[in-house]
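Working notes, beginning with the structure itself.
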Amino acid sequence: MENSTQNFQRDFILLGLSDVPHLQIIFFILFLIMYLMTLSGNVLLITVVRINSKLHTPMYFFLSNLSTIDICFSSTIVPKILINTLTMDKSISLVGCGIQMFFHMALGASECILLAVMAYDRFVAICRPLHYQTIINKKMCFLLASISWGGGFANATIHTPLTFQLPFCKSHHVNHFFCEMPPFFKLSCKDTSLNEIVMYVAALIIILFAFLLTLISYIRIISTILKTISSHGKDKAFSTCASHLTVVSLYYGTIIFMYLKPRTAYSPEIGKIMSILYTAVTPMFNPIIYSMRNKDVKDTIKMKLFQTR
């Protein structure tokens with residue numbers, strides 16, 4: 001028992017994406033570019049929303065929350081990847097690993113719920129325009145945002161302690177680039193059935209429920225748009241929804257693959273690719289997609305941030 005406890009308290013070694021020197025340099029540059037774009041893009045979007053009073057609407061309130069989540073989400077993982085890529089020491093302490101897993105689980109689940117909330121907001125705006133201000137009022141906005149954040153952190157509070165109660169006596173070398181649950185299950189010499197059941201149940205409740213709510217919302221939105229007589233109205237509505245659909249498809253697709261796939265079918269290499277998509281690529285693309293496709297955001301950037309003296 002004492003031996004197991006000592007083994008449990010050792011640091012973990014994150015094997016990362018590759019141990020080939022020239023590939024490590026390429027990965028470092030790619031992750032650095034993605035991280036800088038994530039920070040600058042999301043900070044810019046939050047700033048644009050704050051300085052333009054016309055953007056103080058529920059849609060942009062939720063967008064600001066999404067940008068905040070993406071900044072925190074990416075910052076939980078990418079800086080450690082950059083450090084481990086440059087240094088020989090690829091270790092992470094038990095506490096550091098626990099903190100990283102907690103915030104990764106919390107922010108990832110929060111984004112899942114928030115994307116569904118944003119889909120519901122667009123559904124009410126397009127399908128119930130006369131009742132929009134009554135339904136999506138200020139109180140409702142804060143309630144939906146609180147549910148998103150609260151649900152995510154409740155999810156992490158369940159999973160993180162359960163994971164670190166396992167004895168990791170097989171190995172402390174994690175075949176991944178950050179502390180994520182599926183790779184950790186393979187390190188335990190104890191039966192992880194309970195952990196996997198809890199993970200699947202949580203994934204079904206949070207991910208699938210959010211995905212189905214989003215899907216139903218957009219089916220209703222598309223149906224309403226197709227019935228719109230004005231072609232200008234159709235173009236504007238489709239433009240508003242297209243950016244959200246792009247993010248939703250990429251995010252839900254990769255996260256469903258990671259957390260609803262049976263353990264026996266889990267592949268470390270494919271898992272790394274999926275994790276890169278939803279932890280680094282999606283947070284980078286979110287502000288780009290929203291700002292490039294949204295006229296109000298582009299106009300604010302041109303008029304207020306880059307105006308000549």
Side-chain angles (χ1 to χ4, degrees), residues 27-82 103-104 106-119 121-122 125 136 138 141-142 144-146 148-149 152 214 235-252 254-255 276-309:
F27 286 135
F28 176 82
I29 294 170
L30 288 175
F31 274 102
L32 180 61
I33 292 171
M34 286 192 289
Y35 186 55
L36 292 176
M37 289 180 68
T38 297
L39 292 182
S40 57
N42 282 292
V43 168
L44 178 62
L45 189 56
I46 292 171
T47 304
V48 165
V49 172
R50 290 182 70 87
I51 65 177
N52 188 348
S53 59
K54 291 181 179 179
L55 302 181
H56 294 175
T57 63
M59 174 179 160
Y60 291 103
F61 170 75
F62 294 131
L63 274 176
S64 296
N65 273 267
L66 181 64
S67 287
T68 303
I69 288 173
D70 283 338
I71 290 169
C72 298
F73 195 27
S74 187
S75 297
T76 300
I77 296 163
V78 178
K80 185 62 179 175
I81 297 173
L82 296 175
F103 282 102
H104 159 258
L107 296 165
S110 294
E111 182 155 342
C112 264
I113 301 169
L114 186 61
L115 288 172
V117 166
M118 291 169 65
D121 170 66
R122 291 300 84 208
I136 310 294
K138 191 173 183 179
C141 285
F142 282 106
L144 292 174
S146 299
S148 300
W149 286 90
T214 304
D235 293 341
K236 187 175 181 181
F238 272 123
S239 177
T240 303
C241 297
S243 56
H244 192 190
L245 276 171
T246 305
V247 174
V248 164
S249 300
L250 181 62
Y251 190 78
Y252 283 135
T254 53
I255 210 165
I276 289 171
L277 289 175
Y278 81 85
T279 61
V281 176
T282 302
M284 175 188 68
F285 276 131
N286 281 349
I288 296 172
I289 291 169
Y290 286 123
S291 60
M292 291 301 291
R293 294 190 62 86
N294 196 295
K295 186 177 182 298
D296 294 328
V297 173
K298 288 190 289 186
D299 288 346
T300 303
I301 293 172
K302 290 176 183 177
M303 293 171 59
K304 297 196 174 184
L305 294 183
F306 298 111
Q307 60 184 354
T308 55
R309 292 184 176 179

Evaluate the criterion side-chain contact (heavy atoms from CB on, under 4.5 Å) for residue pair T282 and E111; output intermediate values, then yes/no. CA-CA 11 Å; T282 302; E111 182 155 342; 4.0 Å; yes

Kindly compute the distance separating [atom1] ([X]) from [atom2] ([Y]), expressed to the nearest 0.5 Å.
X	Y	atom1	atom2	answer
L277	F285	CG	CZ	9.5 Å
L66	I71	CG	CD1	10.0 Å
L115	I255	CG	CD1	9.5 Å
I136	R122	CD1	CZ	9.0 Å
I46	I51	CD1	CD1	12.5 Å

Please find the pair of heavy atoms, one from [X] and one from [Y], that lie closest to each other, and give the distance.
X	Y	result
D121	P58	OD1-CB, 3.8 Å
A280	V78	CB-CG2, 4.5 Å
L107	I69	O-CG2, 3.6 Å
G152	A109	CA-CB, 3.7 Å

Check whether any side-chain heavy atom of [X] sits under 4.5 Å from a side-chain heavy atom of [Y], and report yes or no.
X	Y	value
Y251	N286	no
S75	L39	yes
M118	L63	yes
M37	I288	yes
L45	S64	no

Residues which pass side chain to side chain contact (heavy atoms under 4.5 Å, CB included) with [X], listed by chain and number, not counting sequence neighbours:
X	result
S148	I113, L114, V117
I29	I25, I33
L32	F28, L36, L82
T38	N42, S74, P283, M284

Any pair with a residue in residues 29-80 that passes ring pair (Phe, Tyr, Trp, His ring centres under 6.0 Å), sequence neighbours left out, goes on the list, sorted by first then second residue, please. F61-F142, F73-H104

Could you go through N65 and W149, starting from their C-alpha distance and side-chain angles, then the distance that decides it, and tell me whether this counts as side-chain contact (heavy atoms from CB on, under 4.5 Å)? CA-CA 9 Å; N65 273 267; W149 286 90; 2.9 Å; yes

